S.K.: 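After the structure tokens below, expect a handful of questions from me.
Convention: sequence-line order gives letters A, B, ...; per-chain numbering from 1. None of the values given here were measured: they were computed from a predicted structure.
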Amino acid sequence: EAEVAQSPRYKITEKSQAVAFWCDPISGHATLYWYRQILGQGPELLVQFQDESVVDDSQLPKDRFSAERLKGVDSTLKIQPAELGDSAMYLCASSLGQRETQYFGPGTRLLVL
Amino acid sequence: AQRVTQPEKLLSVFKGAPVELKCNYSYSGSPELFWYVQYSRQRLQLLLRHISRESIKGFTADLNKGETSFHLKKPFAQEEDSAMYYCALQNTGGFKTIFGAGTRLFVKA
């Protein structure tokens, strides 16, 4: 069964460093989502792509975060520079379309020291 | 403002007892509502969505627009139901999904 893949699974970095996360959605899924989940909270949408276009990035801290999905397939989320408050689980999800079921990846747990 | 509230962080019930996980939402239009579940060491996954009107693993959820609630219910809890449950709302404009903080359900033997 096809699954959403994410790497790395864990990342430890020091504040002010740059980090990047990668997501490979299920083949054929046009919509891709990046969520941030802080301990004890639910996932919060950071950015949503429809193919290669951003359809929502209202909660993305654009001074330090960037996301791209250049060919409308896999995606990269970058943080530069990382801050202590960025420590969280970063989840990627994909769906056939914007109203379809979202399938989640295993997440990348980030710890900023 | 669009918001999903799950008032209980932890719910503990005995096996065979009924269970109800509460969810209240704030949204001016007609949202689409979901319950997601995350079992230990597994990925977050969709449990059910209100438009499907399905019963999944014995769970049902009824949308009450008057009370703006979407509570998840099961008449007889099983140990394998122990998991983290998230209620979520999808707005009908940009299709953005908003999650609640989650309720951890613990079913005791």
S.K.: Once rounded to the nearest 0.5 Å, what's the spacing between atom CZ of Arg43(B) and atom CG of Leu91(A)?
M.R.: 10.5 Å

S.K.: When you measure from the side chain of Gln90(B) to the backbone of Gln98(A), do you find a donor-acceptor pair of N or O atoms at a distance under 3.5 Å?
M.R.: yes

S.K.: Is there a chain of hydrophobic side chains (I, L, V, M, F, W, Y, each step under 4.5 Å between heavy atoms) that links Leu72(B) to Leu63(B)?
M.R.: yes

S.K.: Using the rule that two of Ile, Leu, Val, Met, Phe, Trp, Tyr join whenever any of their side-chain heavy atoms come within less than 4.5 Å, decide whether Leu77(A) and Leu45(A) are in one cluster.
M.R.: no

S.K.: What residue in Gly40(A), Pro43(A), Ser58(A), Gly107(A) has the most heavy-atom pairs under 4.5 Å with chain B?
M.R.: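 Looking at each option in turn, the highest pair count goes to Pro43(A).
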
S.K.: Hydrophobic cluster membership, with links at side-chain heavy-atom distances under 4.5 Å among I/L/V/M/F/W/Y: are Phe59(B) and Phe99(B) in one?
M.R.: no

S.K.: Given heavy-atom pairs under 4.5 angstrom as the criterion, report whether the side chain, backbone, both or neither of Arg104(B) touches chain A.
M.R.: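 Neither the backbone nor the side chain of Arg104(B) comes within 4.5 Å of chain A.
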
S.K.: Is there a path from Leu21(B) to Leu48(B) through hydrophobic residues (I, L, V, M, F, W, Y) whose side chains come within less than 4.5 Å of each other?
M.R.: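 As far as the 4.5 Å side-chain criterion goes, Leu48(B) and Leu21(B) are connected within one cluster.
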
S.K.: Check this for me: Lys71(A), atom NZ, are more than 12 non-hydrogen atoms of other residues, nucleotides or ligands nearer than 6.0 Å?
M.R.: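 Counting other residues, nucleotides and ligands, NZ of Lys71(A) stays at 12 neighbours or fewer.
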
S.K.: Using a 4.5 Å heavy-atom cutoff, which residues in residues 7-39 of chain A come close to chain B?
M.R.: Tyr35(A), Gln37(A)

S.K.: Could you check if a side-chain atom of Leu46(B) sits within less than 4.5 angstrom of a side-chain atom of Gln102(A), using non-hydrogen atoms only?
M.R.: no

S.K.: Given that the side chain runs from C-beta out, which part of Gln59(A) has a heavy atom under 4.5 Å from chain B: side chain, backbone, both or neither?
M.R.: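 Only the side chain of Gln59(A) comes within 4.5 Å of chain B.
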
S.K.: Indicate, with yes or no, if Val47(A) and Tyr90(A) share a hydrophobic cluster defined by side-chain heavy-atom contacts under 4.5 Å among Ile, Leu, Val, Met, Phe, Trp and Tyr.
M.R.: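 Yes, Tyr90(A) connects to Val47(A) through the hydrophobic network.
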
S.K.: Just wondering, more than 12 heavy atoms not from Glu67(B) lying within 6.0 Å of its CD?
M.R.: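 No, not enclosed.
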
S.K.: Determine, step by step, whether Lys96(B) and Val55(A) satisfy the side-chain contact (heavy atoms from CB on, under 4.5 Å) criterion, reporting the C-alpha distance in whole Å, the side-chain angles of both residues, the deciding distance to 0.1 Å, and the verdict.
M.R.: CA-CA 9 Å; Lys96(B) 179 176 179 176; Val55(A) 296; over 6 Å; no

S.K.: Taking every heavy-atom pair that is under 4.5 Å apart, which of Lys9(B), Gln45(B), Arg49(B) has the most such pairs with chain A?
M.R.: Arg49(B)

S.K.: Would you compute the distance between atom CD1 of Ile98(B) and atom CD of Glu44(A) and round it to the nearest 0.5 angstrom?
M.R.: 10.0 Å

S.K.: Report, by ascending residue number, the residues of residues 24-42 of chain B in heavy-atom contact with chain A at a distance under 4.5 Å; give 'none' if the set is empty.
M.R.: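 Only Glu32(B), Tyr36(B) of residues 24-42 of chain B have a heavy atom under 4.5 Å from chain A.
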
